[in-house]
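Chain A is the first sequence line, chain B the second, and so forth, proteins listed ahead of strands; every chain is numbered from 1.
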Protein chains: 2
Amino acid sequence: MGAGGRAAALCLLTLGLTFHVTALKSQLFARFGGSSSSGDSNISYETLYFVQKIDHFGFLEDGTFKQRYLVANKHWKQPGGPILFYTGNEGDITWFCNNTGFMWEIAEELGAMLVFAEHRYYGESLPFGQESYSDSKHLNYLTSEQALADFAVLIQSLKSTLAGAQHSPVIAVGGSYGGMLAAWFRMKYPHVVVGALAASAPIWQFPGLVPCGDFYKIVTQDFAKSGHNCDANIRNSWKAINNVTSTASGLQWLSEEFSLCAPLKSPVDIIVFKSWLQETWVNLAMVDYPYEANFLQPLPPWPIQVVCKFLAFDSAVSDHQLLRGVSRAAKVYYNYTGSASCLNTSQTATGSLGFLGWFYQACTEMVMPMCTDGVQDMFEPEQWNFQAFSDECHAMFGVRPRADWAGAVYGGKDIASHSNIIFSNGGLDPWSSGGVTRNLTGTLVSILIPDGAHHLDLRYSNARDPASVRAARQLEVKHFQQWIKTASTPGL
Amino acid sequence: MGAGGRAAALCLLTLGLTFHVTALKSQLFARFGGSSSSGDSNISYETLYFVQKIDHFGFLEDGTFKQRYLVANKHWKQPGGPILFYTGNEGDITWFCNNTGFMWEIAEELGAMLVFAEHRYYGESLPFGQESYSDSKHLNYLTSEQALADFAVLIQSLKSTLAGAQHSPVIAVGGSYGGMLAAWFRMKYPHVVVGALAASAPIWQFPGLVPCGDFYKIVTQDFAKSGHNCDANIRNSWKAINNVTSTASGLQWLSEEFSLCAPLKSPVDIIVFKSWLQETWVNLAMVDYPYEANFLQPLPPWPIQVVCKFLAFDSAVSDHQLLRGVSRAAKVYYNYTGSASCLNTSQTATGSLGFLGWFYQACTEMVMPMCTDGVQDMFEPEQWNFQAFSDECHAMFGVRPRADWAGAVYGGKDIASHSNIIFSNGGLDPWSSGGVTRNLTGTLVSILIPDGAHHLDLRYSNARDPASVRAARQLEVKHFQQWIKTASTPGL
């Protein structure tokens, strides 16, 4: 998922609709993602389709669509072996499937079947085919509640039709927005899943639950500890950009220095440029993995440390020197492989995420306040402005976000009556700002991975994995085994 | 709520649409109801309105409507005193409010505020005003999920705006369909209510969960134990009706014998007549209270015993003698006060229930299979025919029921992971066929009231109450106190 919040507000408020989509695309792609495609390429699964109701919560719209899901049962011990069910998030399910190495690595040990279910409106699971995104009428069934109902109906069908699956305990697994869905799935459909692993799931990143500035504070801390003066120089860079771009020659210099595909020309271009840079730093914080990986972009191990080598100036540096450093830093992210001929400010990541769908979700249920103050974080100060955000959403989709709905339906911080959910969070991951980072009860447990970025635990294991993520994965499997055992023991 | 099942199928299959509504009206009125209006007439409450979203689960329809709710805070101990929240069912909320004596009687002891929330599409809470029932488009937001969301949003608003209510534990209370809502409310919104009393709530009266014949078996048992040969004579009466009405003079005789307002003329009339009689026996089973009461009709104490005095024939009785007895029995129900000038086969009860709304609900989510075999019950055999029922619903509302949805969304029999729900059931109540009549866990408890009819425990106390219902109410209050205590104890 992408943050539909602050940066979106920034762009949408200022610019026209056509631009928004492009600019948002980069932000949304950037902010969330699945796992890396590194790891085992020998995974094998069957692609299947399930006929779902377009509307689970009303009966007027009785149409159906084909939901894609992937099944791997090589290691499944039937009858009754467990099912690990990936609650697909905002993207092509094959991408999540191919990149959630953790599930593939534990399947044999657990004798588990793997199922990856695609989220409606993403990938191939389009309720109205090519019309699905044509207007707000067709987008009306893109909600988390509908997605959870899809998962429930799919699982109940699998269990009743698949030989040997009738008594199989099902465990929900997801990362990022998929992790939120996994947690909510267990909360709302505990009769369907015996437990959930919610990796890097910011279920509290909603109005009134956590400070809006925490997200960018964590980004800043990642840079602060990765190199001398690194955060301070980025904090200074915004003013330097404003200074340098105040002249035509400065604009040209900056465009050349950054090897931009399209030179900066207008004030709008400068806003987009800064937004793009900001997203770049956010992305780096999300993917600050200890080994070479290709998550949003191909990157070296601990990429922020590499970036910060170019940003180690003392305070007396000139604007031009500072921005040259920023440019080199950005190119670590955009051109690690050396294959980029120029940098495109409308793009910050590659991947299979559905930006427009996520933005619709951010404009409806997934209202996630973000803000910066330039003091505790290294960004230009900007307050959270719900009304402005709502107006942008209305202009774009003809709908308005409901700030309190997610809290009302999913419980906000009052979730202690639920059970069997693991909330894992990485200490480096800015999304941990909205995550559950303490044990709530004996069965609603938090696992912290201090050296981990965005759902590192869901990725394939790696020789350079820190001990904390190895321990996290072990603990997660232990919980899975406990849930399976309890579910398989009559009378417990 | 009314059973949208078997008897509905009977009529709808056979007859035209105009008729259905009238015929259904009687059935639906008949089968479910609130409590009697006997008891304390000194209750006093404030009538308020809350602005609700018409659609909680989609963002295209952004309209609102006013939901009515009633508040009585005379005994409320603020700050933090508990709130007993009646989850309104299919009727005018003032009717439920005036007739749920149990809540009024325990308010002082608990220091509780009482809130009665009207269910959308009933009473004054009409999402589209007078248009609400105009077509399936306007009816589209009449679902239990929307109603539960209304309750959740209302409570969260009350707690955030009402001085002293912020930390008030809320307990859901409901009877019949309202009891189902109370149970589901606790399951889906445990962050909003600390517990629920689900009185006579047939949450398992859905496809595949309980035998479809149990409902009518219980009706039959009530008659069997209330008088010599009572059930056998009713079982024989259907054939006798067929015999007698095979001639024009027989039709006339029967019409006069029953003092029918409109004499029977056609085969359709005979079907309606039998359906009406069947509903009469069902109603009597529901309201077989130990004292004089006026629930669906004014009735004597233990009305089935009174009815059965007219049906105590030995087997050699003639058709005409038998039907004369049936007629006298029916008049116990329809003319106990002696004020009825004739009997109307399109009506079996008075009250403030919304029959059309409930029938829509039965035609969508609330699919409750019913069947009879004429052996274990005293009715004409009729199988449950989902396809036929679905076709009737489609003809009537343009929608089709989804047989498996209620089970998928509310968990069917797999609800053991929830907590703090009391399921009370009366042994005389046919709806106990679909109720939870055993303890599922230490906190999902069943209370049986062997001498109780339909949610007797929610009624005002009465000197003739059996010991079982007195004990039930005491136990219910004890659970309430425990939930309140736990909610008010930090760290528990």
Quiz prompt | Part of A:S417 within contact of chain B (heavy atom distance under 4.5 Å) | solution = side chain
Quiz item: Angle class for the B:W405/A:F57 ring planes (parallel below 30°, perpendicular above 60°, tilted otherwise)?
Solution: perpendicular
Self-check item: A:K53 versus chain B, the contacting section by heavy-atom distance below 4.5 Å
Solution: side chain
Exercise. Take A:E145 and B:E145 through the side-chain contact (heavy atoms from CB on, under 4.5 Å) test and state the conclusion after the steps.
Key: CA-CA 11 Å; A:E145 291 88 346; B:E145 291 88 347; over 6 Å; no
Exercise. Under 4.5 Å heavy-atom distance to chain B, tell me which part of A:H418 shows up: side chain, backbone, both or neither.
Key: side chain
Self-check item: Portion of A:Y410 that has a non-hydrogen atom of chain B nearer than 4.5 angstrom
Solution: backbone
Quiz item: Taking every heavy-atom pair that is under 4.5 Å apart, which of A:R400, A:Q146, A:K137, A:H56 has the most such pairs with chain B?
Solution: A:H56
Quiz item: For chain B, which residues from residues 149-162 of chain A lie under 4.5 Å away (heavy-atom distances)?
Solution: A:A149, A:V153, A:Q156
Exercise. Flag the one option from B:R402, B:K413, B:M187, B:K188 with the top tally of heavy-atom pairs under 4.5 Å to chain A.
Key: B:R402
Quiz item: Given that the side chain runs from C-beta out, which part of A:E61 has a heavy atom under 4.5 Å from chain B: side chain, backbone, both or neither?
Solution: backbone
Quiz item: So which part of A:I415 gets closer than 4.5 Å to some heavy atom of chain B, the side chain, the backbone, both or neither?
Solution: neither
Practice problem: Determine the option with the most heavy-atom pairs under 4.5 angstrom with chain B, choosing from A:Y189, A:F397, A:Y360. | Solution: A:Y189
Quiz item: What residues form a side chain to side chain contact (heavy atoms under 4.5 Å, CB included) with B:Q166, not counting sequence neighbours?
Solution: none
Quiz prompt | A:H191 (side chain) donor-acceptor with B:A408 (main chain) under 3.5 angstrom | solution = yes
Exercise. Tell me, out of B:L148, B:T143, B:T364, B:D404, who's got the most heavy-atom pairs with chain A below 4.5 Å.
Key: B:T364
Self-check item: Residue, of A:N140, A:L139, A:D62, that accumulates the most heavy atom pairs under 4.5 Å with chain B
Solution: A:N140
